[in-house]
Amino acid sequence: MRFPSIFNNLRLVLIMQVALPVLIVLAVILVIGLSMVGQFIEERMQRDLQQVARTIHLPVSQALERQDLDQLQNSMASVFGITEVYGAYLFDAEGKRLSSFGVVNPTQEQATDALEQIVQGEFAQYERIRGRHVYSFFMPLFDATGQPNGLLQVTRRRSDIDRELTELKYWAWGGFGLVSLIILGVISYSHQRAIETPLQRLVESMRRVSRGDRHHRAAERGPIEISQLAKGLNGMLDAIEQAENSEAQQRSAREKMAERLRQTETMAALGQLSAGVAHELGAPLTVVDGRANRLLRRMENEKDIAELNEIRQQAARMTSIIQQLLSFGRSSRAQMRDLDVTSLIERSESLLADQGYRISLIKGPQAKINGDSLSLEQAL
């Protein structure tokens, strides 16, 4: 048993072979774009945090150099008040924490490692502070002689960055889904309007022709491919109709020819039969007529004479019938040829004269006729 394939549906073929590759390409572009945009957003959020740290760097350095703890606290508190900042920490040159604003504080070990790295300058890194994932930006603090005398650390939660990237992905993939639905809807509508409807009209035309409406022709509308298909169907139907008409004419001609052939064969058979019958009956009738004639000369009884005359009349009638049969047999095998009309009429005239008829013949110009001389004489 053969099961129908989904690819037998033209709409599914368009979706699978046209829309799906386009959507795959768009999805790949979207993934690459999201990666680039996500990287850009992540870098922007990192730059924002770095900008916050650089903004308070100078006042914190001056307060640290003057050992002004109130200014240090105020500067650090102003940084922590910014929404993006998760924590702000200040350490001296030995790693001792001087000021701290945040939910969790870095360990002494983390502060010591950071002090070792700021020798090369400011830096940033992702790290875990007491189990919390954060992004930290470190800036060294210098005294008036240019020697490092402390460390400023500003942090931001990693989840803030991840959340914004996740929201971006949701919006991007939601938009992609909406665009995909629009593309599929446009393809379905275009298929329905430009392909399916004209094809349904064409299929309906085929069904009408198959049901016997041979004079129906498909409407040559729609896209050029379907219009050409309808035109080809109409041309095929016209060719079939012409072939059927030609076949009907040939069949009629063959039937007429066969009928004429049967008539010719019948006439030929009747002619042969007539000739045979006439030949077999001619001699006995001649004997009957001759014997009746001899008896007639010896008879004196009027009644006998009347009966013999009746016999001779019937014999003459039968002889006439035999001559007609002979004439029919000859005409069925007669050959047509050109005849002189004047000679033909003169011979007919002499035959009539023997039977006691008198005809006045007025000759005209010479003329020819094509036919059988014996049949024409009988007709005249």
Side-chain angles (χ1 to χ4, degrees), residues 2-55 79-87 102-104 123-129 131-138 154-203 221-229:
R2 185 177 180 181
F3 295 95
S5 172
I6 62 172
F7 293 102
N8 290 336
N9 189 303
L10 182 58
R11 181 178 298 177
L12 292 178
V13 171
L14 289 175
I15 292 175
M16 298 298 295
Q17 298 188 7
V18 177
L20 186 60
V22 171
L23 294 178
I24 291 175
V25 172
L26 290 178
V28 172
I29 295 175
L30 181 60
V31 170
I32 297 174
L34 282 176
S35 177
M36 297 175 63
V37 172
Q39 184 177 359
F40 171 77
I41 291 176
E42 184 176 3
E43 291 176 354
R44 178 182 59 78
M45 297 180 71
Q46 293 173 358
R47 286 196 303 269
D48 292 344
L49 187 65
Q50 295 171 13
Q51 186 65 31
V52 170
R54 292 189 179 97
T55 300
V79 173
F80 184 72
I82 300 174
T83 306
E84 291 82 1
V85 176
Y86 181 62
V103 179
V104 293
F123 71 96
Q125 66 181 10
Y126 286 103
E127 61 179 349
R128 292 170 61 93
I129 299 178
R132 305 292 179 87
H133 293 275
V134 297
Y135 171 76
S136 297
F137 180 68
F138 302 90
V154 183
T155 64
R156 186 170 190 170
R157 287 181 297 184
R158 176 67 184 268
S159 60
D160 294 341
I161 299 175
D162 292 340
R163 183 175 61 253
E164 189 160 346
L165 294 177
T166 301
E167 290 179 357
L168 174 65
K169 290 180 180 179
Y170 283 156
W171 280 103
W173 285 110
F176 174 78
L178 180 61
V179 170
S180 300
L181 291 177
I182 292 174
I183 291 175
L184 294 176
V186 169
I187 289 178
S188 297
Y189 176 76
S190 301
H191 170 267
Q192 173 72 26
R193 182 179 179 85
I195 299 177
E196 185 173 352
T197 300
L199 280 179
Q200 287 178 350
R201 288 198 299 263
L202 187 59
V203 171
R221 300 198 305 269
I224 185 171
E225 292 82 1
I226 297 180
S227 176
Q228 290 178 348
L229 184 60

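For the pair Val52 and Phe137, the minimum side-chain heavy-atom distance is 4.5 Å or more.
In terms of heavy-atom proximity, Trp173 sits nearest to Ala27 at CH2-O, 4.2 Å. When all heavy atoms of Leu26 and Phe176 are compared, the closest pair comes out as CB-CE1, 3.7 Å.
Counting non-hydrogen atoms of neighbouring residues, nucleotides and ligands closer than 6.0 angstrom, the CZ atom of Arg132 reaches no more than 12 such neighbours.
Distance CG/Leu34 to CD1/Ile29: 12.0 Å, rounded to 0.5 Å. Here NE2 of His133 is found 14.0 Å from OG1 of Thr155. Values are rounded to the nearest 0.5 Å. Rounding to the nearest 0.5 Å places CD of Glu43 at 10.0 Å from CD of Gln50.
Looking at Thr55, its side chain does come within 3.5 Å of a backbone N or O of Gln51 through a donor-acceptor pair.
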